[in-house]
Protein chains: 2
Amino acid sequence: MTRKKKKATIHDISKALGFNSSTVSRALNDSPLIADKTKKIILEKSKELGYQRNSLASKLRTNKTKTIGVIVPRIARHFCSSVIAGIEEMAFDKGYDVIICQSLETVKREKKLLDTLLANRVDGVLIAISMETTNFDHLENYKNEGFPLLFFDRPCDIEGCTNVVIDDFKASFDATEHLIRKGCKNIVHFSGPKTLALYRNRWRGYRAALEKNNIPLNDNYIFESKLMEKDGVIGAQKILSLPEVDGVFSANDTTAISAMQYLKKNGKNVPEDIAFVGFNNEPMSAVFAPSLTTIHQPGFEMGRMASSLLFEEIDGTRRVKGDQVKVLNPELIIRDSTSKHMLSESI
Amino acid sequence: MTRKKKKATIHDISKALGFNSSTVSRALNDSPLIADKTKKIILEKSKELGYQRNSLASKLRTNKTKTIGVIVPRIARHFCSSVIAGIEEMAFDKGYDVIICQSLETVKREKKLLDTLLANRVDGVLIAISMETTNFDHLENYKNEGFPLLFFDRPCDIEGCTNVVIDDFKASFDATEHLIRKGCKNIVHFSGPKTLALYRNRWRGYRAALEKNNIPLNDNYIFESKLMEKDGVIGAQKILSLPEVDGVFSANDTTAISAMQYLKKNGKNVPEDIAFVGFNNEPMSAVFAPSLTTIHQPGFEMGRMASSLLFEEIDGTRRVKGDQVKVLNPELIIRDSTSKHMLSESI
DNA sequence: TTGTATGCGTTATCAT
DNA sequence: ATGATAACGCATACAA
């Protein structure tokens with residue numbers, strides 16, 4: 001256990017060899033100006049001395065970090081980690097590093113993370129805003145300064161933003177109509193905070209499907225929450241007091257599964273008594289009994305798309321004028337939680 | 001959409017106010033040397049100009065980044081994200097930033113990430129090595145240079161390392177003995193690569209439990225793989241050709257669940273025909289039918305412990321001489337996948 | 001309490 | 001093809 005050694009610098013290499021430090025720098029950057037044999041000598045010596053470039057100095061000098069930041073609500077969520085995988089793949093191809101951060105659904109952390117990323121002069125940021133984020137000032141400031149900031153999954157309404165999202169309206173419309181086709185007449189909707197455009201869109205899709213099928217809207221059937229596990233229990237309890245309810249469209253899987261568990265324990269059968277459709281296609285949903293019909297979102301694709309747009313903005317190859325929206329297509333995954341064989345289905 | 005503006009520096013503030021830039025620097029760092037009213041003026045102006053400290057310059061100058069790196073195999077894994085939560089909490093208290101990275105279980109990425117972290121001069125690194133990592137050279141070099149590098153979950157055998165782990169031997173012993181008590185006589189073990197000490201320990205625990213209970217060891221019952229989903233299917237297929245098998249101890253939940261699914265589809269009942277114990281307590285395991293008996297690891301606690309030790313090493317308050325191991329206690333979570341009511345249980 | 005001068009390690013712009 | 005020098009933005013030792 002040696003004591004912490006001082007790191008070798010290009011000056012150490014230059015002194016050891018008699019070359020000037022700028023020659024060393026150029027050689028280490030594989031500049032075409034430097035003779036091959038010189039490069040070889042310098043590279044060897046640098047290995048010998050255990051040289052490792054100080055990125056801080058380099059970034060400070062060049063004013064480029066070749067690094068982007070990503071802020072997601074929670075890295076553990078399947079959808080988030082898919083998006084991250086897509087981003088990392090794209091970034092790798094472009095030679096960029098990625099700093100992953102989680103806001104844990106709080107604005108406070110979101111602000112702090114954004115500040116830290118910018119203090120570290122990342123070249124751009126991709127963000128899925130937190131559930132608490134209703135005021136966009138902290139984002140708008142940076143956006144107005146011309147900083148490459150791009151939103152995915154949860155769109156942001158401020159001017160001049162690029163949003164990469166899935167078609168939440170259509171997905172929810174399809175999900176709800178699927179329940180209706182399965183014979184459901186009294187469909188509850190587990191909604192997230194309607195302060196988020198995302199959840200407003202899902203709610204609108206639900207309503208549109210009911211309207212189109214001449215099913216009266218009932219405000220008592222909209223349960224708004226943060227869609228945590230406990231909210232599923234609360235939702236299930238409310239449902240038990242509404243015996244006519246025969247279907248649930250939940251804006252995420254976690255809450256749907258939690259509700260199904262509670263209902264099963266309390267003598268309700270899924271899908272026979274109540275059918276369920278979730279959202280997100282968490283791995284858990286395929287494995288729960290009954291497996292959950294849900295919406296699959298192309299997370300990996302979204303990550304690739306969002307980062308590729310961000311890189312265009314960073315490189316200046318994309319002119320950003322006014323709002324831009326890229327919409328990806330979600331997919332309804334039909335499973336057992338809606339496998340009723342009811343009369344209406346064959347009509 | 002304004003064009004990218006140049007960021008304000010302490011010099012801009014100093015010029016605007018007539019103070020020297022070092023006064024500005026001190027004021028922004030809330031130095032006690034600076035008069036309160038001066039501080040106030042400088043702070044106001046800095047806000048007006050939208051000043052934001054350039055961390056790169058600051059870090060370069062001070063040779064301290066107040067940042068640690070964490071490398072985990074996959075951020076999506078429940079256990080990993082629990083550890084990260086613990087690390088982030090501890091780091092927040094100490095005023096450190098955390099850079100999260102995933103090796104995706106490959107040495108290549110692991111090396112690259114470690115290099116990037118060190119090029120960015122993080123103050124220390126916490127790592128759970130990848131499954132492929134059998135050669136520790138890339139880690140040993142840094143360790144030998146006195147760099148604060150600390151291992152968690154998957155211990156590292158190189159000299160002078162601190163490892164924060166759970167008692168994998170005991171957990172596996174308990175898991176296996178639990179199966180034995182439930183009447184299992186022919187117990188298969190799904191093992192990870194035995195090149196990892198972690199999986200060797202789990203395998204040893206399994207063997208020790210069999211030996212203690214006078215159950216002959218059978219090498220055909222050890223299925224070694226990378227414990228992916230597909231390995232569960234392969235394992236299940238092998239089991240179908242071994243009709244005497246009545247129990248499985250799997251070194252992770254994913255593989256166990258995948259195997260249970262396959263067996264169920266092929267007419268085997270769990271736990272009646274074959275009982276299962278997994279490892280990791282993934283959320284999915286509570287939700288699968290039958291729910292999976294498994295080992296819960298205190299991830300959050302491990303994260304707090306590991307980071308707290310790392311900070312001691314960074315601060316120099318901990319003398320690191322020779323190997324150190326911190327062992328946390330896992331917990332057997334008994335669920336339906338081992339709920340046999342067999343004769344032997346009541347003996 | 002504030003100012004002056006210097007350097008962290010790198011790269012870019014000159015010059016040779 | 002290589003060298004000399006300045007500058008990126010900040011923090012600190014020293015001076016006043």
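Values reported hereafter were calculated over all heavy atoms of this structure, with side chains retained and with hydrogens, waters and symmetry mates removed. Convention: sequence-line order gives letters A, B, ...; per-chain numbering from 1.
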What is the distance, to the nearest angstrom, from the [atom1] atom on [X] to the [atom2] atom on [N]?
X	N	atom1	atom2	answer
A:I42	D:dA1	CD1	C1'	11 Å
A:D12	C:dG9	CG	C1'	10 Å
B:L17	C:dT1	CG	P	18 Å
B:K64	D:dC10	NZ	C1'	17 Å
B:N63	C:dG7	CG	C1'	12 Å
B:L60	C:dG9	CG	C1'	6 Å
B:F19	C:dT2	CZ	P	6 Å
A:K6	C:dG9	NZ	C1'	10 Å

Listed partners of A:Y142 passing side-chain hydrogen bond (donor to acceptor under 3.5 Å, both in side chains), at least two apart: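 Expected list: A:D115, B:Q52.
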Carboxylate-amine/guanidinium proximity below 4.0 Å for B:D12 and B:K7: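 Here B:D12 does not pair with B:K7 in a salt bridge, since their nearest N and O are not under 4.0 Å apart.
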SB check B:R109 A:E88 (cutoff 4.0 Å):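 Salt bridge between B:R109 and A:E88, a charged N being under 4.0 Å from a carboxylate O: yes.
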Base versus backbone protein contacts along nucleotides 10-16 of chain C [heavy-atom cut-off under 4.0 Å; B, S, -]: BBBB---
Listed partners of A:Y96 passing ring-ring contact (aromatic ring centres under 6.0 Å, His included), at least two apart: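 By the ring-ring contact (aromatic ring centres under 6.0 Å, His included) rule, A:Y96 matches A:F311.
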Validation row: B:L139, B:E110 side chains within 4.5 angstrom (heavy atoms):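 Yes - at least one pair of side-chain heavy atoms lies under 4.5 Å apart.
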Atom CG of B:N63 with >12 non-hydrogen neighbours under 6.0 angstrom: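 For B:N63, atom CG is not crowded (no more than 12 foreign heavy atoms under 6.0 Å).
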